[in-house]
K.L.:
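Here it is, the structure in full.
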Number of protein chains: 2
Amino acid sequence: MSLRIALLGTLAHHGPASGYELAKRFDASVNFVWQAKHSQIYPELAKMAQTGAVTVEDAGGGRGRKIYTITDAGREEIVQWVSGEDPYRSVRNESGLRGFLVTLLPPDEAAAVMRAEEARHTASLNGLLWLKEDVAARTTPGSPSFGQYALDLGLRTTRMLQQWAADTAEDLERRAGTEHTP
Amino acid sequence: MSLRIALLGTLAHHGPASGYELAKRFDASVNFVWQAKHSQIYPELAKMAQTGAVTVEDAGGGRGRKIYTITDAGREEIVQWVSGEDPYRSVRNESGLRGFLVTLLPPDEAAAVMRAEEARHTASLNGLLWLKEDVAARTTPGSPSFGQYALDLGLRTTRMLQQWAADTAEDLERRAGTEHTP
DNA sequence: ATGCGCATGTAATGTGTTACATGATTAC
DNA sequence: GTAATCATGTAACACATTACATGCGCAT
């Protein structure tokens with residue numbers, strides 16, 4: 001369900017697109033909250049076309065390129081989902097899982113793992129900051145602006161993760177230093 | 001793979017447990033980074049017993065209760081995974097996805113959705129703070145302390161999400177106020 | 001005896017990943 | 001001509017959720 005909604009949202013925000021374009025947009029925006037490969041996106045688009053959430057039209061380019069456009073029914077689906085009262089929130093955070101397990105390594109090795117995570121987060125933070133400038137440059141100030149809140153969330157999440165990795169690494173390094181090597 | 005590792009990690013941190021206990025521990029700790037239902041946990045434990053990552057022993061209670069214990073091979077699997085160089089980090093954040101889509105609602109409705117999210121995060125933050133006190137009370141100060149970094153990550157994540165929901169709601173409310181109703 | 005919490009599992013279905021397969025257009 | 005990028009799809013497999021099914025022990 002969530003993938004379907006995420007795709008509809010992307011179509012609603014940025015307008016009609018081909019499956020390929022959609023996959024790239026996905027990578028460049030929703031990516032830090034939801035991920036999907038093209039092999040999952042294509043069948044989902046076909047399914048949505050059948051149920052009337054999107055319309056398809058054939059276009060040139062590549063091997064039979066298709067453009068998908070969201071319908072009113074599709075928009076209605078988004079509204080229903082967003083304002084829905086389902087209390088369950090699915091969560092998956094592989095970086096966080098590492099944090100759970102890192103204490104099982106000796107402090108010095110654990111610290112190295114966390115420094116690597118920190119570097120990874122720094123890199124994606126730079127990517128997001130670049131994206132933000134890019135979006136700001138193309139947006140009229142004061143307008144609703146696509147994915148503004150989501151981008152903000154992405155920045156906050158990445159900064160938090162980076163900071164956590166750095167603090168954890170520091171703590172582990174301190175421990176490794178004061179350790180009585182057995 | 002990640003579920004397997006998360007289960008092994010839970011066994012390594014808290015010691016031997018039955019599938020049922022493990023499922024509850026999972027809910028109470030790893031929950032905010034990884035989720036799993038008992039129907040996924042039981043078969044995975046059976047599989048791990050076959051490959052020698054854990055050992056099983058039968059115990060009383062219920063309908064044939066079984067206790068699982070991590071082996072050295074299981075610990076080695078964790079170490080390999082944590083220090084592994086796989087750059088892919090799977091992410092799934094349904095709360096975040098809502099943030100992406102909320103701008104598709106009229107500002108006042110969107111604000112209400114975000115206020116509801118904020119309340120949800122406040123509730124889970126309280127749960128984590130309670131958990132933290134509970135853990136602190138049972139842990140010797142200065143010791144490595146199980147899942148310390150992960151709990152810290154949980155607190156930071158939840159606080160960040162709560163703050164983001166509040167800020168977003170505020171912004172949306174401001175917009176709803178200054179709006180020229182069409 | 002009725003319901004609740006402990007306890008374990010399976011079956012059907014849905015979602016997601018990896019690998020395979022194909023072909024057009026553009027730049028060098 | 002050949003490599004990269006655009007472009008779409010399927011098949012096999014792995015992972016996850018929902019629903020079904022069972023049974024013990026304890027409290028009311």
Side-chain angles (χ1 to χ4, degrees), chain A residues 1-8 10 16-28 30-51 53-54 56-68 81 84 86-94 97, chain B residues 1-8 16-28 30-31 33-51 53-54 56-68 81 84 86-94 97:
Chain A
M1 197 74 246
S2 299
L3 171 67
R4 184 186 178 107
I5 296 293
L7 286 171
L8 287 173
T10 307
S18 69
Y20 187 84
E21 275 178 291
L22 221 55
K24 296 197 96 181
R25 279 185 194 172
F26 220 80
D27 276 6
V30 204
N31 188 256
F32 57 89
V33 292
W34 211 268
Q35 297 160 339
K37 320 256 154 159
H38 76 275
S39 55
Q40 202 188 351
I41 291 173
Y42 286 121
E44 191 64 49
L45 283 169
K47 212 166 114 192
M48 289 197 284
Q50 275 195 334
T51 61
V54 297
V56 211
E57 61 174 312
D58 279 51
R63 174 184 59 158
R65 200 171 111 98
K66 289 172 192 167
I67 303 292
Y68 294 88
W81 189 84
D86 184 1
Y88 177 77
R89 296 286 180 279
S90 92
V91 169
R92 198 140 299 184
N93 182 343
E94 218 173 294
L97 186 53
Chain B
M1 198 75 245
S2 298
L3 171 67
R4 184 185 178 107
I5 297 294
L7 287 171
L8 288 173
S18 69
Y20 188 83
E21 275 178 291
L22 220 56
K24 297 195 97 181
R25 278 184 194 173
F26 220 79
D27 276 5
V30 203
N31 189 257
V33 293
W34 211 268
Q35 298 160 339
K37 321 253 152 161
H38 76 274
S39 54
Q40 203 189 350
I41 292 172
Y42 285 121
E44 191 64 49
L45 283 169
K47 212 166 113 192
M48 287 198 285
Q50 276 195 334
T51 60
V54 298
V56 210
E57 63 174 311
D58 280 51
R63 173 185 59 157
R65 198 171 111 98
K66 289 170 191 168
I67 304 292
Y68 294 89
W81 188 85
D86 185 0
Y88 178 77
R89 295 286 180 277
S90 92
V91 169
R92 197 141 300 184
N93 182 343
E94 220 171 293
L97 186 54

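Quick note on labels: first sequence line is chain A, next is B, and so on, each numbered from 1.
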K.L.:
Which whole-number value in Å describes the distance from B/L45 CG to D/dC15 C1'?
P.N.:
15 Å
K.L.:
Consider the side chain of B/P43, meaning its heavy atoms from C-beta on, and name the nucleotide among D/dG9, C/dG9, C/dT10 that approaches it most closely.
P.N.:
C/dT10
K.L.:
Is the shortest side-chain heavy-atom distance between B/W34 and B/I5 below 4.5 Å?
P.N.:
no
K.L.:
In whole Å, what is the span from the NE2 atom of B/H38 to the C1' atom of D/dA16?
P.N.:
13 Å
K.L.:
Using whole Å, what does the distance between atom P of nucleotide D/dA7 and atom CD of A/E21 come to?
P.N.:
6 Å
K.L.:
If you pin B/G19 and B/S90 to their nearest nucleotides in DNA chain C, which one's is more 5'?
P.N.:
B/G19
K.L.:
Does a nitrogen or oxygen in the side chain of A/K66 sit under 4.0 Å from OP1 or OP2 of D/dG9?
P.N.:
yes
K.L.:
Whole-Å distance between D/dA16 P and B/L7 CG?
P.N.:
10 Å
K.L.:
So what does A/S39 touch, heavy atoms closer than 4.0 Å: a base, only the sugar-phosphate, or nothing?
P.N.:
base
K.L.:
Among B/R92, B/R89, B/M1, whose side chain to side chain contact (heavy atoms under 4.5 Å, CB included) with A/E94 holds?
P.N.:
B/R89
K.L.:
Nearest whole Å is fine: how far is D/dT17 C1' from B/E94 CD?
P.N.:
13 Å
K.L.:
Taking 4.0 Å as the cut-off, does a side-chain nitrogen or oxygen of B/Y42 come that near to OP1 or OP2 on C/dG9?
P.N.:
no
K.L.:
Which whole-number value in Å describes the distance from B/K37 NZ to D/dA16 C1'?
P.N.:
9 Å
K.L.:
Between C/dA24 atom C1' and A/R65 atom CZ, what is the distance in whole Å?
P.N.:
12 Å
K.L.:
Can you tell me how far P of C/dT17 sits from CG of B/L3, to the nearest Å?
P.N.:
15 Å
K.L.:
Restricting to non-hydrogen atoms, name the atom on A/R25 and the atom on A/P16 that form the minimum distance, rounded to 0.1 Å.
P.N.:
NH2-O, 3.4 Å
K.L.:
Given D/dC15, D/dT10, C/dC6, identify the nucleotide with an atom nearest to the side chain of B/Y20.
P.N.:
C/dC6
K.L.:
With respect to the side chain of A/Q40, which nucleotide from C/dT17, C/dG9, D/dG9 is positioned closest?
P.N.:
C/dT17
K.L.:
Between C/dG16, D/dT17, D/dT10, which nucleotide has the shortest distance from any of its atoms to the side chain of B/R92?
P.N.:
C/dG16
